**Q** 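Handing you a structure now.
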Amino acid sequence: MECGKIRELLSEYIDDILDDPKKALVEDHLSTCRVCKEELASLRAVVNELSSLESVEAPRDFLEKLHERMESRVTFAKVMRMLFVPMRIKIPLEFATAAAVAILILALWHTHQPEKQIGDMPKSSKPVGIAKRTEMAREFKPALEEATVPPSEKEQGAIRLALLIKPEPAGTAHAPSPVEEPTPVPEERAKGTQGKAIRMASSERARPAEGTAPITEKKAEELREEDRPKGFPMREGPVSKDEALLSIPSLKETLANVKDLVVLEGGKVVSLEYEKQTGRPESINIEIPAKHYHAFCEELKRLAVLQVPPPTISERDQEVVYIRIRFISSE
Amino acid sequence: MDEEIRTSVSSSEEDTAIVRGFQTGNRVAFEKLVLKHKDRLFNLCYWFLGDYQEANDAAQDTFIKVFRSLKKFRFESAFSTWLYRIAVNTCKNRLKSSDHRQRRDMVRIDNPGASEGTNPSAEIGDDSRTPAAELEKKERWMLIREAIDSLPTEQRTVVALRDIEGLSYDEIVNITGFNLGTVKSRLARARLELRKKLQGMI
């Protein structure tokens, strides 16, 4: 066999893993070939050198360090699992349902919160019930204001009137007075007498200051001299607008006049509505016998300043007329 | 040879018993395995990677992997074969990492690292040697280390398993997954290469 092929088998020969025929061939060649014999010797020296290397031992604390690493890996793995591996936990259906309902309730509650907030307006312009209606009336000055409070059965068909009143200074508070019981009025009172009585009562109470007669230009024209109450200053001829504004009665006067008139016309005060913020009377609901409605309106024109003329009614249709009179500041 | 086989068989049987103990709940069994095999495993890792600290890390990683999989071990091979297989793969992966390439130039045989470990140079020396002999020993060690380190990974593997660890060809086949012919040829080439590099020393 050639040296080349023998040298290829020397490594296996060193490890004694050649089969017998090959082993015999190699040994036969080596017995006659000095070069291959030297080759074998050098190769065997390398193997011997490697096999005789001193063993490198593990550190003495190898086991201890191994335990430390294993414990830290377990903790790290647990943390990573908790953070990134999705939980596969069976949640009881009841618990899931309860949780879903709770979330739904919470969502609905939060949805309602913004609605309340939108409804909450700053205190200065907060429309709390009647106060809101008053503020709106002042801003828009409707001829006939619609009630924002659901009217009672009686008030649903009520005639709505609005009286202008002198604007009040800021901070004026009114103590709401209880609803007055109507004073029964004798039927024998004549219409004219009633009218005169009212005028006299009004003039005594009202006593407008000089130069501030509570009459408008229109009223002055309508007023007849013989009906003019004593002490009630009258102006001859047409009245200017400025004078008319100055002649607008105050709320107190107007309210008192209206109450008296209601009594005199055989009616009654059903209710008084006040502004919640200021306590100022905002409107008065009254009941007037239908047959006295027109007289009532005529007298009302003389006592107060109506924003618009009152409507006419047919006395035949009803026995009692319900009127809602609002007090509107003239500013 | 018979003695070696008998020792190997008894060692293998002992491993089987310990592993079965671990699988039935004996946690101390794992420590027994570690204490029994740690030095040989460490030695393999050291010559494979050429660095003490890296060998320590690789050996630790190997045992951690063993611990995680030991419950599922089915005794299809000897425990030691399975252990070395994991160690070789761990070392191969480390060789591919950039960290190893940086540390390859920092091989020291007189400074094994921070841990309380055995200095390989101290192991090979003893008090009776003269300083000159000691130095010579260290130099030889370094030369062999560098020579092995210069081998390709596959040749390094078979040299470490066969010539340093003394494993049989069959065991090397089982550990590496190479066929017998490949193991033989790679070993032969590795030895020739080492002879060339160590020519002045040997």
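Source: prediction; values computed, not measured.
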**Q** Counting only heavy atoms not in B:Lys92 (residues, nucleotides, ligands), do more than 12 fall under 6.0 Å from its NZ?
**A**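 Yes - once you tally the heavy atoms of other residues, nucleotides and ligands closer than 6.0 Å, there are more than 12.
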
**Q** Where do A:Pro59 and B:Lys38 come nearest, in terms of heavy atoms and distance?
**A**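 Looking at all heavy atoms of both residues, the closest pair is O-NZ, 4.5 Å.
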
**Q** Does any heavy atom of chain A fall under 4.5 Å from the side chain of B:Leu41, the backbone, both, or neither of them?
**A**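 Answer is neither: B:Leu41 stays 4.5 Å or more from chain A.
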
**Q** Going by an N to O cut-off under 4.0 Å, is there a salt bridge joining B:Arg40 and A:Glu57?
**A**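 No, this pair does not count.
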
**Q** Roughly how far apart are B:Leu180 CG and A:Ile17 CD1, rounded to 0.5 Å?
**A**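 Between B:Leu180 CG and A:Ile17 CD1, I get 6.5 Å after rounding to 0.5 Å.
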
**Q** In plain terms, say whether A:Glu49 and B:Arg140 are close enough for a salt bridge, that is, a side-chain N and a carboxylate O under 4.0 Å apart.
**A**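 Salt bridge between A:Glu49 and B:Arg140, a charged N being under 4.0 Å from a carboxylate O: yes.
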
**Q** Could you grab the distance from atom OG of A:Ser55 to atom CG of B:Asp39, nearest 0.5 Å is fine?
**A**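 Result: 6.5 Å between the selected atoms.
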
**Q** Would you check if A:Ser51 and B:Ile164 make a side-chain contact, meaning some heavy-atom pair closer than 4.5 Å?
**A**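 Counting from C-beta outward, A:Ser51 and B:Ile164 never come under 4.5 Å.
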
**Q** How far does CG of B:Asp57 sit from CZ of A:Arg69, to the nearest 0.5 angstrom?
**A**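 Atom-to-atom, B:Asp57:CG and A:Arg69:CZ are 5.5 Å apart.
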
**Q** Give the C-alpha distance, both sets of side-chain angles, the deciding distance and a yes or no for side-chain contact (heavy atoms from CB on, under 4.5 Å) between B:Phe67 and A:Leu66.
**A** CA-CA 11 Å; B:Phe67 179 79; A:Leu66 180 63; over 6 Å; no

**Q** How about A:Glu38: does its CD atom have over 12 heavy atoms from other parts shown lying under 6.0 Å from it?
**A**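 Counting neighbours around CD of A:Glu38, more than 12 heavy atoms of other residues, nucleotides or ligands fall under 6.0 Å, so yes.
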
**Q** Does A:Leu50 form a side-chain contact (heavy atoms from CB on, under 4.5 Å) with B:Trp47? I'd like the steps, not just the answer.
**A** CA-CA 10 Å; A:Leu50 295 173; B:Trp47 290 109; over 6 Å; no

**Q** Check B:Lys196, B:Arg195, B:Gln199 against A:Ser42 for a side-chain contact (heavy atoms from CB on, under 4.5 Å) and give me the one that passes.
**A**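 Among B:Lys196, B:Arg195, B:Gln199, the one that satisfies the side-chain contact (heavy atoms from CB on, under 4.5 Å) with A:Ser42 is B:Arg195.
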
**Q** Could you tell me which portion of B:Leu44 (side chain, backbone, both or neither) has an atom closer than 4.5 angstrom to a non-hydrogen atom of chain A?
**A**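 Neither part.
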
**Q** Rounded to the nearest 0.5 Å, how far apart are CZ of B:Phe63 and CE of A:Met70?
**A**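 Output value for this atom pair is 11.0 Å.
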
**Q** First locate atom CD of A:Glu8, then atom CZ of B:Arg189, and finally report the distance between them rounded to the nearest 0.5 Å.
**A**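 Rounded to the nearest 0.5 Å, the CD-CZ separation comes out at 10.0 Å.
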
**Q** Please flag which part of A:Asp15 lies under 4.5 Å from any non-hydrogen atom of chain B: side chain, backbone, both or neither.
**A**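 Contact with chain B: backbone and side chain both.
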
**Q** Please round to the nearest 0.5 Å and tell me the distance separating atom NZ of B:Lys32 and atom CG of A:Leu63.
**A**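 The CG atom of A:Leu63 is 13.5 Å from NZ of B:Lys32, to the nearest 0.5 Å.
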
**Q** Could you check whether atom NZ of A:Lys37 has more than 12 heavy atoms from other residues, nucleotides or ligands sitting under 6.0 Å from it?
**A**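 Open.
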
**Q** Could you go through A:Phe62 and B:Val34, starting from their C-alpha distance and side-chain angles, then the distance that decides it, and tell me whether this counts as side-chain contact (heavy atoms from CB on, under 4.5 Å)?
**A** CA-CA 9 Å; A:Phe62 183 86; B:Val34 173; 4.1 Å; yes

